[in-house]
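Convention: sequence-line order gives letters A, B, ...; per-chain numbering from 1.
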Number of protein chains: 2
Amino acid sequence: MKGGQVTIKDIARELDISPSTVSRALKDHPDISPETKKAVNELAKKLHYQPNSIAQSLRKSKTNTIGIIVPEIVHFFFSTVISGIEDVAYNAGYNVIICQSNESYEREVSDTFALLSHRVDGLLISLSRNTKNFDHFREVYERGIPMVFFDRICEELDTHRIVVDDKEGAFKAVEHLISIGCKRIAHIEGPRNLVICQQRLEGYKQALEQHGLPYDEDLVVIDNVGSRESGFERGQQLLKLDNPPDAVFAHNDMAAHGVMLAIKEAGLKIPEDIAVAGFSNWQFSSLIQPSLTTVAQPGFEMGREAARMFIDQVKQDKEDFQAQTQLLKTELIIRESTVRA
Amino acid sequence: MKGGQVTIKDIARELDISPSTVSRALKDHPDISPETKKAVNELAKKLHYQPNSIAQSLRKSKTNTIGIIVPEIVHFFFSTVISGIEDVAYNAGYNVIICQSNESYEREVSDTFALLSHRVDGLLISLSRNTKNFDHFREVYERGIPMVFFDRICEELDTHRIVVDDKEGAFKAVEHLISIGCKRIAHIEGPRNLVICQQRLEGYKQALEQHGLPYDEDLVVIDNVGSRESGFERGQQLLKLDNPPDAVFAHNDMAAHGVMLAIKEAGLKIPEDIAVAGFSNWQFSSLIQPSLTTVAQPGFEMGREAARMFIDQVKQDKEDFQAQTQLLKTELIIRESTVRA
DNA sequence: CTGAAAGCGCTTACAG
DNA sequence: CTGAAAGCGCTTACAG
């Protein structure tokens, strides 16, 4: 019992049997006599024996650990997804190592290799906003390590993926804006390299088209940051147009809030002059004034499903693997920012 | 190169040298000739060699992993602390395994043993609300594994701890309420077993005493949950008193928000009829209406310091260990909920 | 400057 | 029913 940690050898020595027998007794191997099992288990309990899972991992080439890479931990949506992953992982006997890329491509790469070095059994990933090159994940892929991308997915690799139906979510939000009488609907677009943002733009376009509204590129502005400040600036930019919008649909709730602040500052009313809708599972979109209409995403469910897809893949024969893309439904939550008296 | 993972043996075989030499070359051991080093490093790079840190961990009895146990991940304060821990840990070469107790004592115990089994080098812990027995942590302590408690600390063990100055924070908040003319200040008290809540109560009492206000136990109500709903109920309870309060200081911002909703529902005005102050680093206390005065906590800094204390302890000789309790300063943020016209 | 050997703690095919 | 041996991938004291 060196270093305070009891090992199988300690138990074997004390009972004057071999480590092999102890190992087998501990896992209730049918070969071992009931008496031996009893003696081993009692002593193990008495000494507070705990298997060294590092040794087990090395032996079995399996760590029962899942690596997660998210852009940020301090983020309602991502922490909710993590919580969902953790829930399923815990019940399936997996531990979870979490890294945050801080929206940095370089950090994402180094996180990936750190997790590989830790021999995680798989990776659950949501891309950083700045990731345009996927070589690091291609290497993971080529080593045969399961990956599941969630929300901010990578389309270049043949892996499981899970997203909400971003296009449909955006479509519903914009259709709703049209239904309350808006004719010039602007869109604050997220980073172009993120598929989810492309989809949201696509849903916006489709809704306009389907309802016979023209697509005006002056009304579509890019916001690569997605913060309140950047949304505020995009809002100001839109308000300066000769023919400003009567509604704004933003790619996320933070940006939407920034737009609202810009509208208020210009002395205009929400939703009477300009209606606003956002996108996300943002915890407190209900708290801002006026409360914000938003497309809610099932983050916890996404986490649970991502973990399940991973576990299914691990259980499966490699030959049988078929990459799947799960699409989760969003829910349009209508609030004051789009309800005209 | 089995299972797609390159090992030291693969490199040794290909170069026709021994694994020992490869190992040494890889870590730039002075004994090894420059030519050998060059050959090894080039081949390692070419084959995308990555040391198996599981094997290294087993060999060195050190995993370079920190276990974190928090009540919840989806929580602004805790996710901020985690982010701070991650920041320091990453730069010191540590990985972080995160578990959430979900405020369950049983889950906290099983998390603790799961982390021990993973042979984490240390534990950074914030207690579950329901933890009243510390045997699981006593066992960690007796095995000589470093622990740092943060925010929701354990006073029964001689470990490093880090908290904000809860008593002073509460004192400042209540003193501020007194300064705007409040005479009957109620307190929504958090779970009694949490030291931070005891301290907040203590600060409340001290402020009253120091300013010559009587302590009225009718004005102090317990809220063990700390949610908007539970705060709402406590608020209603206070409003029913024959002599209701003219201010409420709540142990957290969620409860404070619940109280505000109860006050509004009763047709009373904040802060004119009843002023409200909360406690926390709650991201959006600025967003609710009216905006909430609160005692802000430096969560990121707390995480960074907790990780630093752990790393210091690891570097130190065990004999030199002196348990420390760090006290971080809070900041009273005065907002509309306590500013009378 | 390099290698053979032992060992970290466990598991399991093989032998008895 | 039990044990000795080999091995997971690495490191390092010891020998040369």
Query raised in the report: For the pair made of CG in B:Leu26 and C1' in D:dG9, what is the distance, rounded to whole Å?
Result: 12 Å

Query raised in the report: With nearest nucleotides of DNA chain D determined for A:Arg119 and A:Asp16 from heavy-atom distances, which residue corresponds to the more 5′ nucleotide?
Result: A:Asp16

Report summary line: Atom CG of A:Leu58 and atom P of D:dC10 are separated, to the nearest Å, by 9 Å

Query raised in the report: Any side-chain N or O of B:Ser33 less than 4.0 Å from the OP1 or OP2 oxygen of C:dT2?
Result: yes

Report task. Can you tell me, in whole Å, how much space there is between the P of C:dG9 and that of D:dT2? Result -> 24 Å

Query - Residue B:Ser20, side-chain atoms from C-beta onward, closest of C:dA5, C:dC10, D:dG3 - result: C:dA5

Requested in this report: Output the single nucleotide from D:dG3, D:dC1, D:dC8 whose closest atom is nearest the side chain of A:Ser18.
Outcome: D:dG3

Query raised in the report: Base, sugar-phosphate, or nothing: which does B:Asn52 touch, judged by heavy atoms less than 4.0 Å apart?
Result: sugar-phosphate

Query raised in the report: So, are B:Arg24 and B:Asp31 salt-bridged, with charged N and O less than 4.0 Å apart?
Result: no

**Report entry** Any strand: nucleotide that pairs with C:dA13 via Watson-Crick or wobble, under 3.5 Å
**Finding:** none

Query raised in the report: Counting just side-chain N and O atoms, does B:Thr21 come under 4.0 Å of either OP1 or OP2 of C:dC1?
Result: no

Query raised in the report: Taking atom P of D:dT12 as reference, at what distance in whole Å does atom NZ of B:Lys62 sit?
Result: 13 Å

Query raised in the report: To the nearest angstrom, how far is A:Leu15 atom CG from D:dC1 atom C1'?
Result: 15 Å

Query - A:Arg308 and A:Asp312 ion-paired at < 4.0 Å - result: no

Query raised in the report: What distance, rounded to whole Å, do you find between the two P atoms, one in C:dA5 and one in C:dC1?
Result: 24 Å

**Report entry** Cation-pi check, B:Arg152 onto B:Phe78 ring (under 6.0 Å, within 45° of axis)
**Finding:** no

Query raised in the report: Nearest of D:dC1, C:dC1, C:dC10 to any side-chain atom of B:Pro34?
Result: C:dC1

Query - B:Asp31 vs B:Ala55, nearer the 5' end of DNA chain C by closest nucleotide - result: B:Asp31

Query - Closest-nucleotide 5' rank along DNA chain C - winner of B:Ser61 and B:Pro19 - result: B:Pro19

Query raised in the report: Does the side chain of A:Lys9 get closer than 4.0 angstrom to OP1 or OP2 of C:dC8 through an N or O atom?
Result: yes

Query raised in the report: Which of these nucleotides, D:dT12, C:dC1, C:dG3, is closest to any side-chain atom of B:Lys27?
Result: D:dT12

**Report entry** Any strand: nucleotide that pairs with C:dA4 via Watson-Crick or wobble, under 3.5 Å
**Finding:** none

Requested in this report: Specify the separation, in whole Å, of atom NZ of B:Lys60 and atom P of D:dG9.
Outcome: 17 Å

Query raised in the report: Expressed in angstrom and rounded to an integer, what is the separation of A:Arg24 atom CZ from C:dT12 atom P?
Result: 10 Å

Report task. Please report, rounded to the nearest Å, how far the P atom of D:dG9 is from the CD1 atom of A:Ile54. Result -> 15 Å

Query raised in the report: Any side-chain N or O of A:Thr7 under 4.0 Å from OP1/OP2 of C:dC8?
Result: no

Query raised in the report: Rounded to the Å, how far apart are B:Glu35 CD and C:dC1 P?
Result: 8 Å

Requested in this report: Would you indicate what A:Thr36 reaches in the nucleic acid, counting non-hydrogen atoms under 4.0 angstrom: base, sugar-phosphate, or nothing?
Outcome: sugar-phosphate

Requested in this report: May I ask you to decide whether A:Arg161 forms a salt bridge with A:Glu156, counting only side-chain N to carboxylate O separations under 4.0 Å?
Outcome: no

Report task. With A:Arg129 as the cation and A:Tyr105 as the aromatic partner, state whether NZ or CZ is under 6.0 Å from the six-membered ring centre and within 45° of the axis. Result -> no

Side chains of residues 37-44 of chain B: which donor-acceptor pairs under 3.5 Å do they make with residues two or more places apart or in other chains?
unit_1	atom_1	unit_2	atom_2	d
B:Lys37	NZ	B:Asp28	OD1	3.0
B:Lys37	NZ	B:His29	O	3.1
B:Asn41	ND2	B:Lys37	O	3.0

Query - D:dG9 phosphate, OP1 or OP2, under 4.0 Å from B:Tyr49 side-chain N/O - result: no

